[in-house]
Amino acid sequence: MTQQNHLTRMVFCFAIVETCRGYLLVAGIAFGILLGLAMGIRFWIDSIAQEKLRRSGIAEIDKMDGRQFEHYLGLLFHSQGYKTTVTRAAGDYGADLILEQNGRKVAVQAKRYSKNVGIDAVQQIVGALAHYGANAAWVVTNRDFTDAAYKLAASNGVRLINREALIEMIQRMNTAAKPNPKQVRAQFPQQKLQCDRCGSQMVVRKSTKGEFYGCSSFPKCRNTKAV
């Protein structure tokens with residue numbers, strides 16, 4: 001009787017082990033399927049996001065210099081119904097573009113940067129409001145803004161359009177209406193000049209009197225040339 005009970009317990013334990021093994025196998029298969037689905041969905045979402053970025057042209061915008069970015073924004077806002085004026089040629093006094101629509105005037109500072117934009121841009125555009133008789137002030141960049149810039153903008157009523165907002169703005173527009181960044185770069189080619197003193201590249205700089213070329217090795221070299 002004892003041997004029979006022992007055998008019965010062994011069979012029962014074996015059945016439990018096999019049952020558990022079966023559950024674990026099913027659970028493992030189910031987990032693998034769910035993990036595969038999750039990875040597939042994530043890949044699909046990332047693919048859509050990458051395609052949207054590609055269609056926005058932000059990669060081409062990142063390759064622009066300041067002058068190209070200003071003209072691109074001028075065309076972008078013109079497509080949205082604004083009368084646009086790029087102020088670069090005459091000295092911008094804190095604003096790179098002036099937008100006009102329905103009697104409202106907006107002063108815009110354009111910052112094509114490789115890093116976050118600081119408070120200087122906000123200060124410049126606030127100073128431009130009175131000079132241009134503008135009703136609103138915007139700063140637009142292909143990057144983001146520092147915390148200090150966000151705080152100063154909020155206390156002065158300045159609208160900040162960062163990279164995410166710019167991409168969203170572009171994506172909302174009709175494809176036929178929005179400017180092509182690659183074509184803008186071709187229309188306004190970058191001018192590369194070499195400093196005749198130290199051999200470094202000359203870059204476009206701005207003052208209240210307009211644009212000029214300054215040596216990129218400033219302050220080590222202070223050579224300048226007229227545009």
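Only a predicted model underlies this, so the values are computations on that prediction, with no experimental measurement involved.
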K.L.:
If you measure from OG1 on Thr85 to NE2 on His78, what distance do you get to the nearest 0.5 Å?
P.N.:
11.0 Å
K.L.:
Can you confirm whether Val140 sits close enough to Leu97 that some side-chain heavy atom of one is under 4.5 Å from a side-chain heavy atom of the other?
P.N.:
no
K.L.:
Output yes when a side-chain donor or acceptor of Ser216 lies under 3.5 Å from a complementary backbone atom of Ser200, and no otherwise.
P.N.:
no
K.L.:
Any side-chain heavy atom of Leu99 within less than 4.5 Å of one from Trp138?
P.N.:
yes
K.L.:
Determine whether a donor-acceptor pair (N or O, by modelled atom type, separation under 3.5 Å) exists between the side chain of Asp144 and the backbone of Asn116.
P.N.:
no
K.L.:
Has Asp65 got a side-chain atom pairing as donor or acceptor with Arg67's backbone, closer than 3.5 angstrom?
P.N.:
yes
K.L.:
Return yes when atom OH of Tyr113 has more than 12 non-hydrogen atoms of other residues, nucleotides or ligands closer than 6.0 Å, and no otherwise.
P.N.:
no
K.L.:
Are the side chain of Gln194 and the backbone N or O of Gly199 linked by a donor-acceptor pair below 3.5 Å?
P.N.:
yes
K.L.:
Where the side chain of Ser79 meets the backbone of Ala177, is there a donor-acceptor pair that is under 3.5 Å apart?
P.N.:
yes
K.L.:
Check for me, please, whether Val117 and Met169 land in the same ILVMFWY cluster - side-chain distances under 4.5 Å, paths through other members count.
P.N.:
no
K.L.:
Can you check whether Val158's main-chain N or O pairs, donor with acceptor, with Asn156's side chain at less than 3.5 Å?
P.N.:
no
K.L.:
Give the C-alpha distance, both sets of side-chain angles, the deciding distance and a yes or no for side chain to side chain contact (heavy atoms under 4.5 Å, CB included) between Glu60 and Val184.
P.N.:
CA-CA 10 Å; Glu60 285 293 327; Val184 173; over 6 Å; no
K.L.:
Could you give me the CA-CA distance, side-chain angles and deciding distance for Leu160 and Asn162, then say whether side chain to side chain contact (heavy atoms under 4.5 Å, CB included) is met?
P.N.:
CA-CA 6 Å; Leu160 300 183; Asn162 62 11; over 6 Å; no
K.L.:
Cluster question for you: counting only ILVMFWY and a side-chain heavy-atom cut-off of under 4.5 Å, with indirect links fine, are Val139 and Leu166 together?
P.N.:
no
K.L.:
Taking the side chain as C-beta and beyond, is there a heavy-atom pair between Cys221 and Cys195 under 4.5 Å?
P.N.:
yes
K.L.:
What about Leu152 and Val108, same hydrophobic cluster or not, with Ile/Leu/Val/Met/Phe/Trp/Tyr joined at side-chain heavy-atom distances under 4.5 Å?
P.N.:
no
K.L.:
Are the side chains of Met173 and Leu76 in contact, using a 4.5 Å heavy-atom criterion?
P.N.:
yes
K.L.:
Minimum heavy-atom separation for Val86 and His71, please, with both atom names.
P.N.:
CG2-ND1, 4.0 Å
K.L.:
To the nearest 0.5 angstrom, please state how far the OG1 atom of Thr146 sits from the NZ atom of Lys115.
P.N.:
10.5 Å
K.L.:
Do Thr87 and Tyr132 make a side-chain contact, defined as non-hydrogen atoms from C-beta onward lying under 4.5 Å apart?
P.N.:
yes
K.L.:
Indicate the atoms forming the closest heavy-atom contact of Ala110 with Glu70, along with that distance.
P.N.:
CB-CG, 3.8 Å
K.L.:
If you look at every heavy atom in Ile119 and Ala149, which pair is closest and at what distance?
P.N.:
CG2-N, 3.5 Å
K.L.:
Of the non-hydrogen atoms in Pro181 and Tyr72, which two are nearest, and what is the gap between them?
P.N.:
CG-CE1, 3.8 Å
K.L.:
Kindly work out whether a path of hydrophobic side-chain contacts (I/L/V/M/F/W/Y, heavy atoms less than 4.5 Å apart) joins Tyr150 to Ile161.
P.N.:
no
K.L.:
Any heavy-atom pair between the side chains of Met202 and Cys215 that's under 4.5 Å?
P.N.:
yes
K.L.:
Checking salt bridge (Lys or Arg N to Asp or Glu O under 4.0 Å) between Asp62 and each of Arg185, Arg163, Arg112, which is the one that passes?
P.N.:
Arg163
K.L.:
Which heavy-atom pair separates Lys182 from Asn180 by the least distance, and what is that distance?
P.N.:
N-OD1, 2.9 Å
K.L.:
Quick one: does Glu100's side chain have a donor or acceptor within less than 3.5 Å of a partner on Lys83's backbone?
P.N.:
no
K.L.:
Examine Val122 and Leu129 and state if one hydrophobic cluster contains both, with Ile, Leu, Val, Met, Phe, Trp and Tyr joined whenever side-chain heavy atoms are less than 4.5 Å apart.
P.N.:
no
K.L.:
Which atom pair, heavy atoms only, marks the closest approach of Gly94 to Ile125?
P.N.:
O-CD1, 3.5 Å
K.L.:
NZ of Lys111 to CZ of Arg143: how many Å apart, nearest 0.5 Å?
P.N.:
15.0 Å
